[in-house]
> 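Quick one: the structure is below, questions incoming.
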2 protein chains.
Amino acid sequence: MLNSYSSADKVLLAVDCIIFGFDLEGLKILLIKRDFEPEKGKWSLIGGFLKRDEVLDDAAIRILNTYTGFNDIYMEQLYAYSEIDRDPVERTISVSYYALINIENHNAELIKNYHAQWFSIADAPHLIFDHNEMVQQAIRRLRYRTSIKPIGFELLPEKFTMRQLLELYEAILSKELDKRNFISKINSLEILNKLEEKDMASSRKGSYLYTFNKEKYEEKLLNDFVLNL
Amino acid sequence: MLNSYSSADKVLLAVDCIIFGFDLEGLKILLIKRDFEPEKGKWSLIGGFLKRDEVLDDAAIRILNTYTGFNDIYMEQLYAYSEIDRDPVERTISVSYYALINIENHNAELIKNYHAQWFSIADAPHLIFDHNEMVQQAIRRLRYRTSIKPIGFELLPEKFTMRQLLELYEAILSKELDKRNFISKINSLEILNKLEEKDMASSRKGSYLYTFNKEKYEEKLLNDFVLNL
DNA sequence: AGTTATTTGTGTAAAAACTACACTTTTAAG
DNA sequence: CTTAAAAGTGTAGTTTTTACACAAATAACT
């Protein structure tokens, strides 16, 4: 058998991060101008190489932190990309990760020292290597996730209106949803607290603000469900 | 930035294959007695190392072929496992793949020259490294796949009875299904051809044999659906 | 002070999907 | 000819999903 360790080839293992955010303009991803060759100066996912003494999950967190200053972001592994020439310099396999984060909560850090920038998904630039494909796959995964787990805590501000939540789901699914049906389905999950307080910025009438009920939200995260929107 | 290629660590990249089969006894997986150290002689998933000039999908196919003689098996990538000491000899990241195959069609090859063996999922032995975890994850994925794609072509013989199909789904989902409801849901997919011919082996009355309508089956593979069983 | 314009908030009826459930048919074996 | 074993088949009740429209609130304007 050829299968001895010594005869096996070693390769570089990269991690690339698809970071989703959401604001008034819709669903966004976080990109950086690549600061080393090749493709220096081109737009790219946030990425880096796995270290010998590091698991992939930690590498993803470290790499994200390096480029954005973000801490404690939970990321999920997506897929390993292995086309021979995906990186022209050296054989590199890349494992993609994705995360959802709240743009407002994290923007201060970004603006301070880092070069990462948010792009609306619709008008994101062409990315290096196979990063556009990674983004597409991450969007598919995000849509799937939407159908089996609640989404929101990560992407919305602490207090939000039903409209914001609706628009978040519409952005993720890229389709229009019926307002009344959406509200009743979301309410049936019982993960929201309706506040007394209203947001008067968005309309004359004002709209009630909600928060996520953290305990119930976490509980729903553990157990999958089916949410047909 | 630390991010130069030359300073990055290289690692071994393995591929491990979870091969599902199905027969009278239920859902099975294919295992081998590992033929090299460490853990030589222990039961293991079929696995090997990625070569420098090979993509992961091809590595999975090659490795499966090496240990079983099987050709043309379509495998799907699952997940990259990267615990530091998952392999005690050397830092190795392993990407798992899974496939569904028809035991009868492929057994002749196996018996001839190879050492792989089928085990019922329920009484599979303890596996080396993190392979048991890989199997568990593959089962979860298989269940999910069942809800969005038709399953059968790969696992059943050319001609099969409704009972066989039902039992396949029951084995995958590990739950009992209502016969009549199952049949009507499957029929609504319109992927089966009902033959004139009956299988007289399983009962006095005999039961009609079916084949998959290959075109419609492939079509359904492309477009996800939701199948609530 | 009254009018206007804008967004919020709310319920229902019809259609579709899902579930639970039992008896007759067929024929090989004895 | 009787028996035994599995196949095959339909429906009514329930739940879920869908489509759909108008009144309420108030800030902005005149």
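Note on naming: letters A, B, ... go to the chains in the order of the sequence lines (proteins, then strands), and numbering restarts at 1 for each one.
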> For A:Leu165 and C:dG9, what is the distance between atoms CG and P respectively, to the nearest whole Å?
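Going from A:Leu165 (CG) to C:dG9 (P), I get 13 Å.
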
> Which whole-number value in Å describes the distance from B:Phe182 CZ to C:dA20 P?
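In whole Å, C:dA20 P lies 16 Å from B:Phe182 CZ.
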
> Just compare C:dT8, D:dG8, D:dA6 and give me whichever is closest to any side-chain atom of A:Lys179.
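For the A:Lys179 side chain, the nearest candidate turns out to be C:dT8.
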
> Any donor-acceptor pair under 3.5 Å joining the side chain of A:Lys205 to the base of C:dT7?
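Such a pair does not exist between side chain and base.
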
> Between A:Gln164 (side chain) and A:Leu156 (backbone), is there a donor-acceptor pair under 3.5 Å?
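No; judged by distance alone, with no hydrogens or angles, the pair does not exist.
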
> What integer distance in Å separates B:Leu166:CG from D:dA7:C1'?
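Answer to the nearest Å: 12 Å.
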
> Students often get this wrong, so: under 4.0 angstrom with heavy atoms, is A:Asn228 touching a base, only sugar-phosphate, or nothing?
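The answer is sugar-phosphate, as A:Asn228 gets under 4.0 Å only of primed atoms, P, OP1 or OP2.
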
> B:Tyr97 and B:Asp57: which non-hydrogen atoms are nearest, and at how many Å?
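Looking at all heavy atoms of both residues, the shortest contact is OH-OD1, 2.5 Å.
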
> Taking for each residue the nucleotide of DNA chain C with the nearest heavy atom, is it A:Ser207 or B:Val226 whose nucleotide lies nearer the 5' end?
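Going by which nucleotide is closer to the 5' end, it is A:Ser207.
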
> What about B:Arg180, does its side chain sit under 3.5 Å from the base of D:dA7 through a donor-acceptor pair?
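By the distance-only test, no, there is no pair.
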
> To the nearest Å, how far apart are B:Asp178 CG and D:dA7 P?
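These atoms are roughly 14 Å apart.
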
> Measure OH/A:Tyr208 against P/D:dT26 and give the value in whole Å, please.
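Answer to the nearest Å: 9 Å.
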
> Whole Å only: how far is the CG atom of B:Asp199 from the P atom of D:dG8?
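For the pair B:Asp199 CG and D:dG8 P, the rounded distance is 10 Å.
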
> Can you tell me how far C1' of D:dA6 sits from CE of B:Met200, to the nearest Å?
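After rounding, the reported distance stands at 11 Å.
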
> Just checking A:Ser184: base, sugar-phosphate only, or nothing, at a heavy-atom cut-off of under 4.0 Å?
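Here A:Ser184 touches no strand at all.
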
> Of the candidate nucleotides C:dT6, C:dT19, C:dT8, which contains the atom at the shortest distance from the side chain of A:Arg204?
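Of the options given, the side chain of A:Arg204 lies nearest C:dT6.
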
> Should we say atom CG of A:Leu222 is surrounded by more than 12 heavy atoms from elsewhere, each under 6.0 Å from it?
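Yes, the 6.0 Å shell around CG holds more than 12 heavy atoms from other groups.
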
> Look at all strands and tell whether B:Thr161 reaches a base, only sugar-phosphate, or nothing, counting heavy atoms closer than 4.0 Å.
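No contact at all - B:Thr161 keeps every heavy atom at 4.0 Å or more from the nucleic acid.
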
> Rounded to whole Å, how long is the line connecting atom NZ of B:Lys194 with atom P of D:dT9?
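Checked: the NZ to P distance equals 5 Å.
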
> So if I take every side-chain heavy atom of A:Asn181 and compare against C:dT8, D:dA6, D:dT18, which nucleotide ends up nearest?
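Closest nucleotide among those given: D:dT18.
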
> Does OP1 or OP2 of C:dT19 have a side-chain N or O of B:Lys185 closer than 4.0 Å?
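Indeed, a polar side-chain atom of B:Lys185 lies that close.
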
> Cationic tip of B:Lys198 within the cone over B:Tyr208's six-membered ring, i.e. under 6.0 Å and within 45° of the normal?
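Checked: cation-pi criterion met.
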
> Between D:dT18, C:dC18, D:dT9, spot the one nearest the side chain of B:Ile183, thanks.
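Nearest listed nucleotide: D:dT9.
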
> Counting only N and O atoms by type, is there a donor-acceptor contact under 3.5 Å from the side chain of A:Asp130 to the main-chain atoms of A:Arg86?
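No.
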
